[in-house]
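Here's the structure, in structure tokens; my notes come after.
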Amino acid sequence: MSDSREIDIFFEIHCGLPQEGPGSFDSTKRALELAGSFPERAELLDVGCGPGRQTMDLARLLPSAIIDALDNHAPFLRAVQRKTTDAGVFNRVTAVEGDMAHLPTGPGSLDLIWCEGAAYIMGLRNALESWKPHLKTGGRIALTEPVWLRPEPPAETVEAFSEYPTMRDPQGCREIVETCGYKLLGDFTLPEQDWLNYYEPLEARIKVLRDKYSDDATALMVLDKEQAEIDDYRRNSSYYGYLFLIMSA
Ligand SMILES: C[S@@+](CC[C@H](N)C(=O)[O-])C[C@H]1O[C@@H](n2cnc3c(N)ncnc32)[C@H](O)[C@@H]1O
């Protein structure tokens with residue numbers, strides 16, 4: 001998306017949604033359990049936090065952890081700040097504006113890097129290599145990664161994922177984890193409900209904006225593109241999914 005008006009419409013669609021990718025409290029909890037135990041006042045970084053759904057789940061599941069929630073989109077960070085204030089955790093959960101390719105934390109400083117639905121922006125291998133120096137010895141990473149679940153996906157699905165040409169199957173992801181020098185602690189595929197948690201509010205927003213922009217060709221084109229992603233999931237979700245990968249350094 002290059003046109004600034006298209007970008008504005010994209011963010012109007014996405015502003016105020018509860019989450020910006022597939023996920024749920026139950027999956028975050030399951031992944032955290034696979035990650036093992038953490039010290040009191042463990043230091044976490046939630047990379048690509050979006051509006052902070054998983055940030056707030058982590059704050060609830062680790063009630064004394066210090067959490068920085070990192071994103072490069074300021075309106076999402078304001079949403080995180082509102083949530084931390086409402087939940088009374090603003091003294092230990094901080095919204096941080098920054099770039100996942102240049103983490104703001106010092107070397108060897110983090111017990112846990114969390115990243116739901118955003119590591120693909122750097123690519124799995126690149127993210128794992130670049131984030132490792134920021135972990136303490138034995139520090140852990142938990143992230144979700146788009147994966148192919150069946151061979152020969154339909155052309156429309158291949159096109160939908162064309163922005164991530166290195167997307168692999170689960171075994172390919174496990175091999176990347178190992179070759180990047182991590183020990184895989186566990187993995188699982190997100191259930192369908194996690195996708196619906198993202199797509200149902202998104203689809204409701206698309207419907208509202210379709211009325212608002214009924215005479216606006218650019219806006220309708222962006223809305224159609226967003227709807228096409230949801231429709232493709234309904235038709236072809238057996239071909240792809242999100243894999244939660246949990247590993248230690
Ligand atoms: C698919 S969303 C996932 C958001 C959130 N983890 C969730 O599951 O609801 C990806 C997020 O990564 C953020 N992002 C994109 N590029 C980034 C970068 N270079 N550095 C930090 N965050 C980035 C986006 O603003 C967005 O919030």
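Numbering of ligands and ligand atoms starts at 1, following listing order. Heavy-atom basis, side chains included; hydrogens, waters and symmetry copies ignored.
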Could you list which atoms of ligand 1 come closer than 4.0 Å to a heavy atom of Asp99? 18 (C), 19 (N), 20 (N)
Identify, by atom number and element, the atoms of ligand 1 in contact range of Gln54, meaning under 4.0 Å from any of its heavy atoms. 5 (C), 6 (N), 7 (C), 8 (O), 9 (O)
Would you say Glu116 has any N or O atom under 3.5 Å from an N or O of ligand 1, going by distance alone? yes
Same apolar cluster: Val93 and Leu77, side chain cutoff 4.5 Å: no
Side-chain donor-acceptor contact under 3.5 Å, Gln171 with Arg174: yes
Protein contact to atom 9 (O) of ligand 1 [nearest heavy atom, distance to 0.1 Å]: Glu20 N, 2.7 Å
Roughly how far, to the nearest 0.5 Å, is the CD1 atom of Ile121 from the SG atom of Cys115? 7.5 Å
Side chain to side chain, Glu159 and Asp232, heavy atoms closer than 4.5 Å: no
Can an N or O of Met100 be found at a distance shorter than 3.5 Å from an N or O of ligand 1? yes
For Gly21, the ligand 1 atoms whose distance to one of its heavy atoms is below 4.0 Å: 7 (C), 8 (O), 9 (O)
Atom 14 (N) of ligand 1: which protein heavy atom is closest, and how many Å away? Asn72 OD1, 3.4 Å
dist Tyr242:OH -> Tyr120:OH (nearest 0.5 Å) comes out at 5.5 Å
d(Ile141 CD1, Met247 CE) to nearest 0.5 Å is 5.5 Å
With respect to atom 4 (C) of ligand 1, which of Gly117, Gly48, Pro22 exhibits the smallest heavy-atom separation? Gly48
Purely on distance, is any nitrogen or oxygen of Asp71 under 3.5 Å from one on ligand 1? yes
Does Ile121 have a heavy atom less than 4.0 Å from any atom of ligand 1? yes
Using the six-membered ring of Phe38, assess whether NZ or CZ of Arg140 lies under 6.0 Å from its centre and within 45 degrees of the ring axis. yes
Does ligand 1 have an atom under 4.0 Å from some heavy atom of Gly98? yes
Neighbour count above 12 (heavy atom, 6.0 Å) for Phe90 CZ: no
Between Gln193 and Ser24, a side-chain donor and acceptor under 3.5 Å: no
One residue to check: Cys49. Relative to ligand 1, which of side chain, backbone, both or neither has a non-hydrogen atom less than 4.0 Å away? backbone
Taking only heavy atoms of His73 into account, list the atoms of ligand 1 that are under 4.0 Å away from them. 25 (O)
Does a donor on one side chain and an acceptor on the other come within less than 3.5 Å for Asn236 and Thr157? yes
For Gln19, the atoms of ligand 1 under 4.0 Å from one of its heavy atoms are 9 (O)
With respect to Arg53, determine whether any N or O atom, backbone or side chain, lies less than 3.5 Å from an N or O atom of ligand 1. no
